[in-house]
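Taking it in order: structure first as structure tokens, then the write-up.
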There are 2 protein chains.
Amino acid sequence: MPDGTNTGRPRTRIQQRNRDLILGAALDVFSLNGFRGSTLDEIATQAGLSKPNLLYYFPSKDAIHTELLSGLMDTWLDPLRDLDAHGDPIPELLAYVERKLEMSRLYPRESRLFANEIVQGAPRILSALQGDLKHLVDEKVVVIRGWMDTGQIAHVHPYHLLFSIWSLTQHYADFDVQVRAVLGQEEPFQEAPAYLKGIFLKILTP
Amino acid sequence: MPDGTNTGRPRTRIQQRNRDLILGAALDVFSLNGFRGSTLDEIATQAGLSKPNLLYYFPSKDAIHTELLSGLMDTWLDPLRDLDAHGDPIPELLAYVERKLEMSRLYPRESRLFANEIVQGAPRILSALQGDLKHLVDEKVVVIRGWMDTGQIAHVHPYHLLFSIWSLTQHYADFDVQVRAVLGQEEPFQEAPAYLKGIFLKILTP
DNA sequence: GTCTATAAATAGATAGAC
DNA sequence: GTCTATCTATTTATAGAC
């Protein structure tokens, strides 16, 4: 992911570096074990810092997790935000699929962090799902419905269409081990882009 | 899921009842928190038994989890096993999609149990994925390739086609909270079957 | 079979020296 | 800022009475 997640307070270079170390390590650990399954010990070891030093930078285990989730939520929605109502509908949607798949390829830990959180009932981000996410989706669904009503793309359930895009693209990050187990040695992300573009073209063509 | 998961040893009615209570409670807890995020305390409370009593029936936390996973793996693969090489290809595949979606609707806990395990790297079932699962998939891919080569269904990457079916159907169980958050009050499983059949018909039609 | 009590290890978090 | 030492609660698991 990008940035140094600056929450406003000024920081020295060493502060910034250690915060980043901690958040990176926490992303490794939380994304692989979920919140409750992760320990500060593991995060500290992974970050190369002592446990008390971790808690010098963040007040609690919960605070680290929350910082990660809220810092990432925005970035995670960017691909959908970029869906342009004035673009050419089919290429626009295929490009969205491509961006989402690229996110899975480049940021599998972030994808699994969300997957863990949501599979486990989204206790910490339910309000964000019902708020920011739902509002953005509602807004884009209007655009998609417009494209359908003018016959520019096929008529399918717009919400479930978006679920399909999320599901299919994130699958390659979240279920990576299963995909690789089944494919043997073939590289998943080599075939996936063409495959997904192909099927979404069929789904969307009027 | 079905059965009383009999592993061979004879059991009294009270033994069977308590084993089932424990496995049911463990399914609730493990499917919501993953293995490491779950505690025997929670499982015991959920089962209405004391913690030592749990460990009278199962030797360890790990044993409960393993029993759940291995007992379920077979059932989980049944819908794919039922894919009939001699059936009518498109209806056959659509029926498979329907069976998988029905599994998500009826057994969301089981779906989330696997989702947690796989998202977290499948430490306990990797060998089953590389063994039983891969072999079954390889076998069915031969069937699907046959249907493609004779022009009965469209030519798409058969492995990724199966990933798509798993991903799209399980999404409604594993990411249920997100789906519901976005849909508001609309019931996901009302629209999903028709939507999925519709898009897979487009994908598969030559 | 089921319980209370408890062991032994690990968890998150704090105190205080440096 | 970073560390060692430590507190307190929780965790898995066992011992042993009933």
Side-chain angles (χ1 to χ4, degrees), chain A residues 4-7 9-69 116-117 120 123-124, chain B residues 4-7 9-69 116-117 120 123-124:
Chain A
T5 316
N6 203 317
T7 322
R9 294 174 296 286
R11 282 189 200 110
T12 65
R13 282 176 303 286
I14 194 165
Q15 278 176 328
Q16 195 51 260
R17 188 187 69 95
N18 279 347
R19 275 182 60 92
D20 290 349
L21 273 177
I22 293 169
L23 289 175
L27 184 54
D28 281 345
V29 176
F30 283 136
S31 70
L32 221 77
N33 302 108
F35 178 74
R36 286 179 40 166
S38 302
T39 69
L40 288 179
D41 251 322
E42 253 186 303
I43 299 174
T45 302
Q46 180 77 10
L49 298 172
S50 70
K51 198 162 45 161
N53 205 6
L54 231 70
L55 294 164
Y56 169 78
Y57 287 96
F58 293 90
S60 68
K61 175 184 173 182
D62 217 293
I64 303 177
H65 194 250
T66 300
E67 176 81 9
L68 272 181
L69 279 179
N116 263 304
E117 177 70 8
Q120 303 187 0
R124 277 160 268 270
Chain B
T5 317
N6 202 318
T7 323
R9 294 172 296 287
R11 283 190 197 110
T12 65
R13 283 176 302 288
I14 194 167
Q15 278 175 329
Q16 195 53 258
R17 189 186 67 96
N18 279 347
R19 274 182 60 92
D20 291 349
L21 274 176
I22 292 168
L23 289 174
L27 184 53
D28 281 345
V29 175
F30 282 136
S31 70
L32 221 77
N33 301 109
F35 178 74
R36 287 177 42 163
S38 302
T39 69
L40 289 178
D41 249 322
E42 253 185 304
I43 298 174
T45 302
Q46 180 79 10
L49 298 171
S50 73
K51 203 164 33 165
N53 206 7
L54 232 70
L55 294 166
Y56 169 77
Y57 287 96
F58 292 89
S60 68
K61 175 184 172 182
D62 217 294
I64 304 177
H65 194 250
T66 300
E67 174 82 10
L68 273 180
L69 279 180
N116 263 303
E117 177 69 9
Q120 303 187 1
R124 274 160 270 270

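Throughout, a chain's letter reflects where its sequence line sits, starting with A, and its residues are numbered from 1.
- OP1 and OP2 of C:dT2 both lie 4.0 Å or more from every side-chain N or O belonging to B:S50.
- Distances shorter than 4.0 Å separate some side-chain N or O of A:T12 from OP1 or OP2 on D:dG1.
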Might you list the N or O atoms of the protein lying below 3.5 Å from N or O atoms in nucleotides 13-16 of chain C, with each pair's distance?
residue: C:dA13; atom: OP2; partner: A:K61; partner atom: N; Å: 2.9

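- A:K61 is listed as a side-chain neighbour of A:F30, based on a closest heavy-atom distance under 4.5 Å.
- As rounded to whole Å, 14 Å separates atom C1' of C:dA11 from atom CG of A:L54.
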Dump the intermediate steps for side chain to side chain contact (heavy atoms under 4.5 Å, CB included) on B:R36 and B:Q120, then the final yes or no.
CA-CA 10 Å; B:R36 287 177 42 163; B:Q120 303 187 1; 5.6 Å; no

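- One interatomic measurement links the two molecules: CG of A:D41 to C1' of D:dA9, which rounds to 15 Å at whole-angstrom precision.
- Contact of the A:F35 side chain with the A:D62 side chain is registered, since non-hydrogen atoms from C-beta on lie closer than 4.5 Å.
- Residue A:L49 is out of contact with every strand shown, counting any heavy-atom pair closer than 4.0 Å.
- When the P atom of D:dG1 is taken as reference, atom CG of A:L21 falls 14 Å away, rounded to whole Å.
- Within the 4.5 Å cutoff, side-chain heavy atoms of A:E117 are placed close to those of A:P123.
- At C:dC3, none of the side-chain N or O atoms of B:Y56 fall inside 4.0 Å of OP1 or OP2 (strictly under the cut-off).
- Distances shown here put every side-chain N or O of A:N53 at or beyond 4.0 Å from the OP1 or OP2 atom of D:dT4.
- When each of B:R36 and B:R17 is assigned the nucleotide of DNA chain C bearing its nearest heavy atom, the one mapping closer to the 5' terminus is B:R17.
- For DNA chain C, none of the residues of residues 26-34 of chain A falls under the heavy-atom distance limit of 4.0 Å.
- A:L23 contributes atom CG, which lies 11.0 Å from atom CG of A:N18 (distance to the nearest 0.5 angstrom).
- Here CZ of A:R17 is found 14.5 Å from CZ of A:R11. Values are rounded to the nearest 0.5 Å.
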DNA chain C base-pair string [pairs: Watson-Crick or G-U under 3.5 Å; |: paired with another strand]:
||||||||||.|||||||

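- The distance from atom CG of A:L55 to atom CG of A:L49, rounded to the nearest 0.5 Å, is 11.0 Å.
- Separating the CZ atom of B:F58 from the P atom of D:dT14 is a distance of 15 Å, rounded to the nearest angstrom.
- When each of A:T45, A:I43, A:L40 is paired with A:V29, the side chain to side chain contact (heavy atoms under 4.5 Å, CB included) condition holds for A:I43 and for no other.
- In this structure, A:S38 OG and A:N116 CG are separated by 8.0 Å, a value rounded to the nearest 0.5 Å.
- For the atom pair CG of A:L68 and CD1 of A:I22, the computed distance is 11.0 Å after rounding to the nearest 0.5 Å.
- Between B:T39 and B:N33, every side-chain heavy-atom pair lies at or beyond the 4.5 Å cut-off.
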